[in-house]
K.L.:
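Would you mind keeping the following structure in view while I ask a few things?
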Amino acid sequence: MNRSTKIFAICALAVCVNIILGTIIASARIPFLYFDVVGTIFVAANFEMRYGILTAIVTSLVISIISGPLFLPFIFVSIAIAIITNLIAKNGFDYKRAFFTGILITLLGSLISAPIRLIMFGGFSNSITDFLIISLKANGQKMITAAYWGAVTDSIVDKILSCLVVAWVMKHPLLNRSRLHF
């Protein structure tokens, strides 16, 4: 097998990880946790940017087919996560970088998801953070600002933990960076 084929196989596995973990966590109804981008973060941290973006796109397309087209616009958030992770992980992906990456993808991903939430769902997310959004709006914040802070609150724990899980997995001797670069 050539290098590209091996990487495409890892991308396919990463898409499965995203969908399976995301489905399990969603079924368990664990608040503030999704784990639906762990595979994307893994690929983006270990391979060229295009593979991270490919994993993000395919995951979003499959989720949209399974769950409905309302999720498709969030493809841009997934692509941003792949790009940001790849850029930060150029010189490794230890716990410190993973934590920083989690914060950054939350803040920047929320800039992308807030307008999508606003256009598609009136700014709400059908989660516990809707109380924060309503509270911010009632206190004079614009709906886009309330939607942004709702998105940040909704995803900060998930994105940091997702990045830390990837950093932890990458410490495994069989999955360290030197072995993954075929």
Side-chain angles (χ1 to χ4, degrees), residues 1 4-86 88-89 93 95 97-99 101-106 109-110 112-113 116-117 120-121 125-129 151 153-177 179-182:
M1 245 195 299
S4 303
T5 305
K6 290 177 184 178
I7 295 173
F8 281 128
I10 291 171
C11 291
L13 285 172
V15 169
C16 293
V17 166
N18 287 342
I19 293 167
I20 292 168
L21 282 178
T23 302
I24 290 169
I25 297 296
S27 297
R29 297 190 185 276
I30 301 171
F32 306 114
L33 200 59
Y34 306 100
F35 277 172
D36 57 350
V37 293
V38 172
T40 301
I41 293 168
F42 180 83
V43 170
N46 284 289
F47 301 104
E48 291 94 0
M49 187 182 295
R50 66 179 178 235
Y51 296 113
I53 292 171
L54 175 67
T55 304
I57 291 170
V58 172
T59 298
S60 295
L61 291 173
V62 171
I63 288 173
S64 293
I65 290 168
I66 294 169
S67 300
L70 289 177
F71 293 96
L72 194 55
F74 293 96
I75 195 169
F76 299 108
V77 178
S78 297
I79 292 169
I81 288 169
I83 292 169
I84 293 163
T85 301
N86 183 268
I88 292 173
F93 202 67
Y95 292 123
R97 279 196 179 104
F99 187 82
T101 303
I103 292 170
L104 196 58
I105 63 177
T106 297
S110 295
I112 299 167
S113 71
I116 297 169
R117 285 180 177 203
M120 297 186 69
F121 310 113
S125 64
N126 197 26
S127 74
I128 196 162
T129 57
T153 304
D154 213 24
S155 61
I156 188 84
V157 171
D158 173 66
K159 298 309 181 266
I160 290 172
L161 285 178
S162 294
C163 288
L164 290 172
V165 164
V166 169
W168 178 73
V169 167
M170 287 172 59
K171 286 188 160 288
H172 191 282
L174 291 176
L175 296 173
N176 69 27
R177 269 187 154 206
R179 288 191 176 226
L180 286 175
H181 292 275
F182 312 110

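Owing to the predicted nature of the structure, the values given are computational and were not obtained by experimental measurement.
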K.L.:
Between N86 and F47, what is the shortest heavy-atom contact and its length?
P.N.:
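N86 and F47 have their closest heavy atoms at ND2-O, 2.8 Å.
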K.L.:
Atom CG of L161 and atom CD1 of I156: how far apart are they, to the nearest 0.5 Å?
P.N.:
10.0 Å
K.L.:
Once rounded to the nearest 0.5 Å, what's the spacing between atom CD1 of I160 and atom OG of S155?
P.N.:
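Spacing of CD1 (I160) from OG (S155) equals 9.5 Å.
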K.L.:
To the closest 0.5 Å, what do you measure between OG1 (T40) and CD1 (I79)?
P.N.:
10.0 Å
K.L.:
Looking at S110 and T106, what are the two nearest heavy atoms and their distance?
P.N.:
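It is OG-O, 2.7 Å.
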K.L.:
If you define the side chain from C-beta out and look only at heavy atoms, does anything of I105 sit under 4.5 Å from I41?
P.N.:
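Yes, side chains in contact.
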K.L.:
I'd like to know whether CD1 of I30 has more than 12 heavy-atom contacts from other residues, nucleotides or ligands below 6.0 angstrom.
P.N.:
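Count over threshold, so yes.
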K.L.:
Any heavy-atom pair between the side chains of D154 and Y34 that's under 4.5 Å?
P.N.:
yes
K.L.:
Can you confirm whether the side chains of T59 and D36 place a donor and an acceptor under 3.5 Å from each other?
P.N.:
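No, D36 and T59 have no side-chain donor paired with an acceptor closer than 3.5 Å.
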K.L.:
Once rounded to the nearest 0.5 Å, what's the spacing between atom OG1 of T101 and atom CD1 of I81?
P.N.:
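CD1 of I81 is found 11.0 Å from OG1 of T101.
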K.L.:
So do F74 and S60 actually touch side chain to side chain, heavy atoms under 4.5 Å?
P.N.:
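The answer is no, as the side chains (C-beta and beyond) never meet within the 4.5 Å cut-off.
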K.L.:
Quick one: does I10's side chain get under 4.5 Å of F42's, heavy atoms only?
P.N.:
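Yes; the side chains approach each other to less than 4.5 Å.
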K.L.:
Can you confirm whether F93 sits close enough to C163 that some side-chain heavy atom of one is under 4.5 Å from a side-chain heavy atom of the other?
P.N.:
yes
K.L.:
Extract all donor-acceptor atom pairs below 3.5 Å that involve side chains of residues 49-57 and protein atoms in other chains or at least two apart in sequence.
P.N.:
unit_1 : atom_1 : unit_2 : atom_2 : d
T55    : OG1    : Y51    : O      : 2.8

K.L.:
Testing I116, I63, I66 for side chain to side chain contact (heavy atoms under 4.5 Å, CB included) with F71, which one passes?
P.N.:
I63
K.L.:
Going from CG on L13 to CD1 on I20, what distance comes out if it is rounded to the nearest 0.5 angstrom?
P.N.:
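It comes to 9.5 Å.
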K.L.:
Nearest 0.5 angstrom please: S162 OG to F35 CZ, how far?
P.N.:
5.0 Å
K.L.:
Closest approach of V77 and G109, non-hydrogen atoms and distance?
P.N.:
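Reported closest heavy-atom pair: CG2-O, 3.9 Å.
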K.L.:
With side chains defined as the heavy atoms from C-beta onward, is the minimum distance between V37 and K159 less than 4.5 Å?
P.N.:
yes
K.L.:
Does the side chain of D158 reach to within under 4.5 Å of the side chain of F32, using non-hydrogen atoms?
P.N.:
no
K.L.:
Minimum heavy-atom separation for M120 and P73, please, with both atom names.
P.N.:
SD-CG, 3.4 Å
